[in-house]
Undergrad: 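The structure under discussion is supplied below as structure tokens; questions concerning it will follow.
Hydrogens, waters and symmetry mates are skipped; everything else that's a heavy atom, side chains included, is used.
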Amino acid sequence: MTSDNTISPSVEAIREQLNRILNSPEFEATDKIRNFLRFVVEETLAGRAGELKAYTIAINVYGQESDFDASIDPLVRIQAGKLRRALERYYLLKGEQEPLRIDIPKGTYVPVFILQKPVTSPRGKNLPGPLTTSQWGPSIAVLPFTNLTGDPEKEYFVAGFAEELSIELTRYEDIRVIGCRLVPGFNEDVSDSKQFLQDLGANFLIEGSVRMDDRQVKISIKLIEANTGEHFWGEHYQRDLTAANLITIQEEIARETVTCIASEYGIIPQRLSQESRKRNPADLNTYDAILRFYYHQTHHTPETFSTAFQALEQAIVKDPECGIAKAMLASMYGSLYELDLPRSGDTLERVVALAKEAVTLDPNNQLVRIIYAWTYFVLNEKNLFFSEIKKALELNPNSPLRIGAIGFFLCLYGEWERGIDLLNKAINQNTHVPAWYYGATTLYFYRLNDYEEAYKEALKYDVLGFFWEPLLRAAALGQLGRESDAQQQFLRLKALRPDFEKKARELISRYVKEEELVNHILEGLNKAGLELSD
């Protein structure tokens, strides 16, 4: 047994704390994970800490056979990660007023037992232990909204909206949401609670107010950086009011707000990525690496690719239990293959291995599921792709940017009407979306022989360094009979891919899964004067 204090906790105190954890509703864990915790604590108390290996836990807790090989099967490592997160949540909500903390440090399955003292805020209040910014993402607290309706009976709507906002935030796996009312010591007085939540470790605060009359409701929302108090985003939402649409109003405005501030290309990731890009890749933590990936998705240069790739490679070494980082790295390896870039020779095996590890670690993360489904897209496994993409969509059908990615790949696999509906929803609900979305919208009109609209969409596909940008424009221009304009695109295309004429069908087919459409694209390029080897 170890302790950060000079006095070690007694065996009785450790067992009492273990029982408090196991019997607490704040400890969200399966029966197996509860047994995992009980087993490692009791084995340590019995003096057998040295025997706590993945093999021992697999046999005694998870009922594995004697031939279990921890170097091949990550079962125990994955479950240990879930146990650590469950303990982290428990102590976040119960705080350091708990007399004893039980932790399982990374790299070991042996628990440590730490005597605690209450943390006192500058105002003299006992607080839970400080919530440090997670290496997997920032923390946001939604403050109680102010009722400016003039009617105390409308408090149900005001409180309900703040709750709806909190629920929507939890849909984004990169964000940690602090449930204010679950935290001991939280004060409903907004002026006092801001400092409280800053002491607790919130990175961002959301506050707002609600006004309402017989005809309209107006909701004002502000986003605040907790440490500086800076109000760096705000919006007013106004809706016509009927008794029947109160819930709809709450849901719509909450969804719009959260998409704007918390989605992967939203206000918060953009703000954090400004700092992230100032650091060298070796200095990045996991969430910084995730930010680098998002930044690359909207900028697509060799430099952003290289920086994100290096950062994610380092992140999965430092944090091997982070499923989303592994999924993102799988995506980047997949891009090497699909674009036939240098180092792409053996990438498919790496893509599949990383994606499988990611979905095992984090099966309910929508982005992880999308990337896992996409591996079947790359492998031309149509039935498995549609099966997995359906699971990904069901996880959060209201996440505009992520359903945009789903729509993109559905289009390219031939489900054009369903895919384009999802893409348009994503584009219409966001002021800033990845430019590669317009690759699918270009081909949507192209396949309908509406080449003018296809060319307009291709102009929105502004992804420097991608051979698809001049390819799409050249094909549309060829069909329009604008050979001189197409020649300018050919020069750009051949500068990016000197071997394109020899590999055109193969390169196009890695993205476009309908042979008829592949032939249609090649036809447009031929009409424009490009001599292709078939």
Side-chain angles (χ1 to χ4, degrees), residues 84-85 88-93 95-96 119 121-123 125 127-145 162-163 165-187 190-208 221-235 254 257-279 283-295 311 315 318-319 322 324-325 365 367 401:
R84 291 185 186 103
R85 289 192 285 275
E88 179 185 9
R89 181 183 187 276
Y90 173 81
Y91 282 104
L92 165 63
L93 299 179
E96 290 194 2
V119 175
S121 78
R123 301 181 313 285
K125 294 183 178 180
L127 297 179
L131 173 63
T132 57
T133 303
S134 169
Q135 64 177 338
W136 290 9
S139 299
I140 302 178
V142 180
L143 296 165
F145 273 47
E163 183 68 17
L165 204 56
S166 298
I167 292 170
E168 280 297 318
L169 280 167
T170 64
R171 296 181 187 273
Y172 289 89
E173 301 92 343
D174 303 343
I175 301 292
R176 298 184 62 187
V177 183
I178 299 177
C180 296
R181 291 181 176 83
L182 292 176
V183 178
F186 179 74
N187 191 330
V190 173
S191 61
D192 189 54
S193 58
K194 286 183 185 178
Q195 183 61 47
F196 177 91
L197 291 165
Q198 183 181 337
D199 292 340
L200 189 60
N203 304 112
F204 299 96
L205 309 175
I206 295 175
E207 69 174 13
I221 304 172
K222 295 177 182 177
L223 184 61
I224 304 165
E225 189 165 312
N227 288 335
T228 65
E230 177 189 354
H231 292 211
F232 64 93
W233 177 86
E235 188 61 83
T257 300
V258 170
T259 298
C260 182
I261 66 175
S263 67
E264 49 263 52
Y265 310 116
I267 301 295
I268 288 175
Q270 285 184 38
R271 190 172 182 87
L272 292 174
S273 71
Q274 292 173 5
E275 291 301 317
S276 174
R277 295 196 302 274
K278 296 175 184 176
R279 298 205 286 272
D283 300 326
L284 298 177
N285 63 21
T286 304
Y287 188 64
D288 286 321
I290 290 169
L291 290 175
R292 297 286 180 122
F293 176 85
Y294 290 152
Y295 186 74
K318 294 179 180 177
D319 195 353
C322 183
I324 193 169
N365 182 306
L367 183 58
L401 284 164

Undergrad: How far does CD1 of Ile261 sit from CD1 of Ile221, to the nearest 0.5 angstrom?
TA: 8.0 Å

Undergrad: With side-chain contact (heavy atoms from CB on, under 4.5 Å) as the test, would you mind laying out the steps for Ile140 and Leu205 before giving the verdict?
TA: CA-CA 6 Å; Ile140 302 178; Leu205 309 175; over 6 Å; no

Undergrad: Any chance you could measure Trp233, atom CH2, to Phe204, atom CZ, to the nearest 0.5 Å?
TA: 13.0 Å

Undergrad: Using the rule given for side-chain contact (heavy atoms from CB on, under 4.5 Å), can you reason through Phe145 versus Leu165, listing the C-alpha separation, both sets of side-chain angles and the distance that settles it, and then say yes or no?
TA: CA-CA 11 Å; Phe145 273 47; Leu165 204 56; 3.9 Å; yes

Undergrad: Got a second to check how far Ile224's CD1 is from Glu207's CD, nearest 0.5 Å?
TA: 3.5 Å

Undergrad: Atom CG of Asp288 and atom CZ of Phe293: how far apart are they, to the nearest 0.5 Å?
TA: 15.5 Å

Undergrad: Could you state the interatomic distance from CG (Leu143) to NZ (Lys222), rounded to the nearest 0.5 Å?
TA: 12.0 Å

Undergrad: Nearest 0.5 angstrom please: Leu169 CG to Thr257 OG1, how far?
TA: 9.0 Å

